[in-house]
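Sequence lines set the chain letters: A, B, ... in the order given, protein chains first and strands last, and positions in each chain run from 1.
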There are 2 protein chains.
Amino acid sequence: MTSDDSPNAPVRTVRADVRRNRARLIAAAREMFQRDGAGASLEGVARLAGVGIGTLYRHFPTRQDLLEALLADAYGELAERARELAESPSPGDALLEWLRAFVSGITAFPGMAAAAVVSLGGERGEASRPLREAAAVLFDRAGESGAVPPGTALGDVLRLAGGIATVTERDPEAADRLLSLAAAGMIPGAAAAPR
Amino acid sequence: MTSDDSPNAPVRTVRADVRRNRARLIAAAREMFQRDGAGASLEGVARLAGVGIGTLYRHFPTRQDLLEALLADAYGELAERARELAESPSPGDALLEWLRAFVSGITAFPGMAAAAVVSLGGERGEASRPLREAAAVLFDRAGESGAVPPGTALGDVLRLAGGIATVTERDPEAADRLLSLAAAGMIPGAAAAPR
DNA sequence: ACCTGAACACCGTTCAAGT
DNA sequence: ACCTGAACACCGTTCAAGT
């Protein structure tokens, strides 16, 4: 729950007040984003954190950087869940169950899922590395057991789940339905190739 | 191509300058959104249309209203395409082909797909009515032929396709891959029920 | 090194005045 | 009826001064 264990926690050589400012900014951002969505006023975040707006920009040059600091915590929990589920005797079911947790975990506030899609697909994408590595184990087991169609890429599965999360962020029941639909297939027998 | 045949075209009793202003605003919005995305400056749209900003707000009280005027044109073309494809002897393939056209048609600029998801799911959703009615015929034929799993709702199919469009708006090849994946099923044999 | 917050730029939205 | 655009409010971002 605290952000000190997250992958982008400060290294130990930094000044105490710097580390404290960073933690306060993250806590304030979580509160503001949960209330107003990912577009919440950054000035408001700085005010709530009790620091100047310049300090916010020093720590997080872009809004996406701030969002990724929050995502990193969610990713940590989801990576842990993936490791647990990788032991399941039914890898296909386990993958689907994890995808439900993934969608749920990246929809804590409006706009979070869109930021997740950026962080998962981006070139830098440092924040999502642990998530992708843990998910890969689960995904590979599902593939070996034949639960996933040959040639399917994990990146596409995550992006598809991210898309579902993006359009259902206010409606968890719809998220479940769309995920079931995409898992089972909307048109299972159709010719896959376009044109 | 012109917007005079769109479902929200002005009725014939309005003053000529009002109709002209409306058409100019839509043309200007199309140009600005294509260049800068759905978040383009509304002041810039009004300037390009050669009208005051107040006139823009009188015609389109919200940004979503303006976006839906553009979507209405795309929906008209997609409805026509659905009517053609409803005659296909292979309704499942036809539905998938139409979904590709749908995703492509609502990604003319960044942010268009998100507006489409709102217009498809919203309570008012006037703009999307013709689209949904034409798609329903195609969808029902696919259902009758057994190409779509029993109990599947068209609204969920459209929302899922909208989600794919949202996360692939800059990458048409990814859109094709994700659509194929969701059509065939990510995990075809997994237990569908959560928990 | 880091923090502060004033200053600048820009945009959304309203509404009194005009036609 | 409709149009205009000044006026207001608000926010993002930078950077000179301070510690």
K.L.:
Starting from P on D:dA17, measure out to CZ on A:Arg58 and report it in whole angstrom.
P.N.:
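Rounded to whole Å, this separation is 17 Å.
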K.L.:
Would you kindly give the CZ-to-P distance between B:Phe60 and D:dC3, to the nearest whole Å?
P.N.:
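To the nearest whole Å, that distance equals 11 Å.
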K.L.:
Between P on D:dC3 and CZ on B:Arg19, what's the gap in Å once rounded to a whole number?
P.N.:
13 Å
K.L.:
Please determine, for the side chain of B:Tyr57, which listed nucleotide (C:dT14, D:dC3, D:dG12) has the closest atom?
P.N.:
C:dT14
K.L.:
Holding to salt bridge (charged side-chain N to carboxylate O under 4.0 Å, His left out), I want the full list of residues that pass it with B:Glu87, two or more places apart in sequence or in another chain.
P.N.:
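Partners of B:Glu87 under the salt bridge (charged side-chain N to carboxylate O under 4.0 Å, His left out) test: none.
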K.L.:
Round to the nearest Å and state the distance from A:Leu25 atom CG to C:dC2 atom C1'.
P.N.:
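It works out to 13 Å between those atoms.
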K.L.:
Would you please name every residue forming a ring-ring contact (aromatic ring centres under 6.0 Å, His included) with B:Phe139, sequence neighbours left out?
P.N.:
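Partners of B:Phe139 by the ring-ring contact (aromatic ring centres under 6.0 Å, His included) criterion come out as none, since no residue qualifies.
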K.L.:
Measure the distance from CG on B:Leu56 to C1' on C:dC15 and round it to the nearest whole Å.
P.N.:
16 Å
K.L.:
The criterion is ring-ring contact (aromatic ring centres under 6.0 Å, His included); which residues satisfy it with B:Phe33, sequence neighbours excluded?
P.N.:
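So B:Phe33 forms a ring-ring contact (aromatic ring centres under 6.0 Å, His included) with B:Phe109.
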K.L.:
Would you give me the side-chain donor-acceptor pairs under 3.5 Å for residues 37-60 of chain A, sequence neighbours excluded?
P.N.:
residue	atom	partner	partner atom	Å
A:Ser41	OG	A:Glu43	N	3.3
A:Ser41	OG	A:Gly44	N	3.0

K.L.:
Quick check on C:dC3: is either OP1 or OP2 less than 4.0 Å from any side-chain nitrogen or oxygen of A:His59?
P.N.:
yes
K.L.:
Would one find a side-chain N or O of B:Asn21 under 4.0 angstrom from OP1 or OP2 of D:dC3?
P.N.:
yes
K.L.:
According to salt bridge (charged side-chain N to carboxylate O under 4.0 Å, His left out), who are the partners of B:Asp36, at least two apart in sequence or on a separate chain?
P.N.:
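Result, salt bridge (charged side-chain N to carboxylate O under 4.0 Å, His left out) vs B:Asp36: none returned.
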K.L.:
What integer distance in Å separates B:Arg22:CZ from D:dC2:C1'?
P.N.:
15 Å
K.L.:
Quick one: list whatever passes salt bridge (charged side-chain N to carboxylate O under 4.0 Å, His left out) with A:Asp156, sequence neighbours left out.
P.N.:
B:Arg177
K.L.:
Rounded to whole angstrom units, what separation is found between the CZ atom of B:Arg24 and the P atom of D:dC2?
P.N.:
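The answer, rounded to whole Å, is 17 Å.
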K.L.:
Just to verify, what does A:Asp140 make a salt bridge (charged side-chain N to carboxylate O under 4.0 Å, His left out) with, not counting sequence neighbours?
P.N.:
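Checked A:Asp140 against salt bridge (charged side-chain N to carboxylate O under 4.0 Å, His left out); zero matches.
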K.L.:
Of the residues in residues 33-53 of chain A, which ones touch DNA chain C at a heavy-atom distance under 4.0 Å?
P.N.:
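Nucleic-acid contacts, sorted: A:Val51, A:Gly52, A:Ile53.
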K.L.:
If you define the side chain from C-beta out and look only at heavy atoms, does anything of A:Ile106 sit under 4.5 Å from A:Thr166?
P.N.:
no
K.L.:
Indicate yes or no: does A:Arg100 engage A:Glu97 in a salt bridge with an N to O separation below 4.0 Å.
P.N.:
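Salt bridge flag = no for A:Glu97 with A:Arg100.
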K.L.:
Only Watson-Crick and G-U wobble pairs with both distances less than 3.5 Å should count. Give DNA chain C in dot-bracket notation, marking inter-strand partners with |.
P.N.:
||.|||||...|||||.||
K.L.:
Round to a whole Å and report the spacing from CZ of B:Arg63 to C1' of C:dG12.
P.N.:
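To the nearest whole Å, that distance equals 8 Å.
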